[in-house]
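The figures that follow rest on heavy atoms only: side chains count, while hydrogens, waters and symmetry mates do not.
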Amino acid sequence: MTVADHLTLNELWRRVKKAEDPIERIRFLAVYHAKRGLTAKEIARITLNSSRWVQETVRRYHQEGPEALKDKRHQNPGQQPKLTPEEQGRVLEALQGPPPDGGLWTGPKLRDWVERELGKKVSLYPIYRLLHEMGFALRSPRPRHRRADVQAQQAFKKSSPRRSSRPGRRGGG
């Protein structure tokens, strides 16, 4: 493999040692070994990558120089939020009161409200993420069996012996 003379062998090794990002370090290591004359297969074994990855890394270095070996994913801003800050404010205002149909707010109810009031069709995932970011938590009633006998449960609670008020005491001593 031919390697462009952007950096000397010593400069490449310094970049390997100096790199704080592991992606950048392994890329410089691959180019360093290519400049030393190792084959793509040998470099792949050293870097635990494929020969194709080695060839592509060296090609990028050859064409674009040392800057091509940096991990540019750190500069990715990510996806734009589904709702603008103003729309999020309106959602927060709506959550302060009851939902239009009464009861408690749920993800589907809020999704329907956003579609109706803000004109935006969003899935449940952004709704739940927005609720989490706003500090809301899932609240659901404690489950009760539909055939539970409430009177029998109350009678049992009244007739049950009281527990000891002294923690950590378990019999003989």
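Residues Lys121 and Glu115 approach most closely at NZ-OE2, 3.6 Å, considering heavy atoms. Here the closest heavy-atom approach between residue Pro99 and residue Gly103 is recorded as CD-O, 3.4 Å. For Thr2 against Val58, the heavy-atom pair with the smallest separation is O-CG1, 3.9 Å. Ser50 and Ala44 get closest at one heavy-atom pair: C-CB, 3.6 Å.
Summarising the local packing, CZ of Arg116 is surrounded by more than 12 heavy atoms from other residues, nucleotides or ligands at distances under 6.0 Å. For CD of Gln63, the number of neighbouring non-hydrogen atoms (other residues, nucleotides, ligands) closer than 6.0 Å is greater than 12. For Gln80, the CD atom counts as loosely surrounded, since its 6.0 Å shell holds 12 or fewer non-hydrogen atoms of other residues, nucleotides or ligands.
For Glu117, there are no side-chain hydrogen bond (donor to acceptor under 3.5 Å, both in side chains) partners at least two apart in sequence or on another chain. By the side chain to side chain contact (heavy atoms under 4.5 Å, CB included) test, Ala40 is found to be paired with Met1, Ser51, Val54, Gln55, residues two or more places apart in sequence or in another chain being considered. For the salt bridge (charged side-chain N to carboxylate O under 4.0 Å, His left out) test, residues two or more places apart in sequence or in another chain that qualify with Arg129 are Glu133. In this structure, the ring-ring contact (aromatic ring centres under 6.0 Å, His included) partners of Tyr61, at least two apart in sequence or on a different chain, are His6. In this view, Pro98 satisfies the side chain to side chain contact (heavy atoms under 4.5 Å, CB included) rule with no residue, not counting sequence neighbours. Shown here are the salt bridge (charged side-chain N to carboxylate O under 4.0 Å, His left out) partners of Arg73, two or more places apart in sequence or in another chain: Asp71. Partners of Lys109 by side-chain hydrogen bond (donor to acceptor under 3.5 Å, both in side chains), not counting sequence neighbours, listed by chain and number: Asp101. Applying the salt bridge (charged side-chain N to carboxylate O under 4.0 Å, His left out) rule to Arg59 yields the partners Glu56; only residues at least two apart in sequence or on another chain are considered.
Applying the side chain to side chain donor-acceptor pair (under 3.5 Å) definition to pairs two or more places apart or across chains, none involves residues 145-160. For residues 20-42, the pairs satisfying side chain to side chain donor-acceptor pair (under 3.5 Å) are Asp5-Lys35, Asp21-His74, His33-Arg36, Thr39-Glu42, with sequence neighbours left out. The side chain to side chain donor-acceptor pair (under 3.5 Å) contacts involving residues 10-19 comprise Thr8-Glu11, where partners must be two or more places apart or lie in separate chains.
Between Phe136 and Leu110, the closest side-chain pair of non-hydrogen atoms is not below 4.5 Å.
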*Any chance you could lay out the side chain to side chain contact (heavy atoms under 4.5 Å, CB included) test for Ile46 and Leu38, step after step, and finish with the verdict?*
CA-CA 10 Å; Ile46 292 169; Leu38 274 64; 3.6 Å; yes
Does Leu131 form a side chain to side chain contact (heavy atoms under 4.5 Å, CB included) with Trp105? I'd like the steps, not just the answer.
CA-CA 11 Å; Leu131 287 170; Trp105 281 103; over 6 Å; no
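Going from atom OG1 of Thr57 over to atom CD1 of Ile26 covers 9.5 Å, rounded to the nearest 0.5 Å. Atom-to-atom distance recorded for Trp53:CH2 and Thr47:OG1 is 5.0 Å, nearest 0.5 angstrom.
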Could you tabulate the donor-acceptor pairs under 3.5 Å formed by side-chain atoms of residues 81-94, not counting sequence neighbours?
unit_1: Thr84; atom_1: OG1; unit_2: Glu86; atom_2: OE1; d: 3.3
unit_1: Thr84; atom_1: OG1; unit_2: Glu87; atom_2: N; d: 3.2
unit_1: Thr84; atom_1: OG1; unit_2: Glu87; atom_2: OE1; d: 3.4
unit_1: Glu87; atom_1: OE1; unit_2: Thr84; atom_2: N; d: 2.8
unit_1: Glu87; atom_1: OE1; unit_2: Lys120; atom_2: NZ; d: 2.8
unit_1: Glu87; atom_1: OE2; unit_2: Lys120; atom_2: NZ; d: 3.4
unit_1: Gln88; atom_1: NE2; unit_2: Leu83; atom_2: O; d: 3.2

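One hydrophobic cluster holds both Leu69 and Leu9 under the rule that ILVMFWY side chains link at heavy-atom gaps under 4.5 Å. Cluster membership check: Val31 does not share its hydrophobic cluster with Ile23, using side-chain heavy-atom separations under 4.5 Å among Ile, Leu, Val, Met, Phe, Trp and Tyr.
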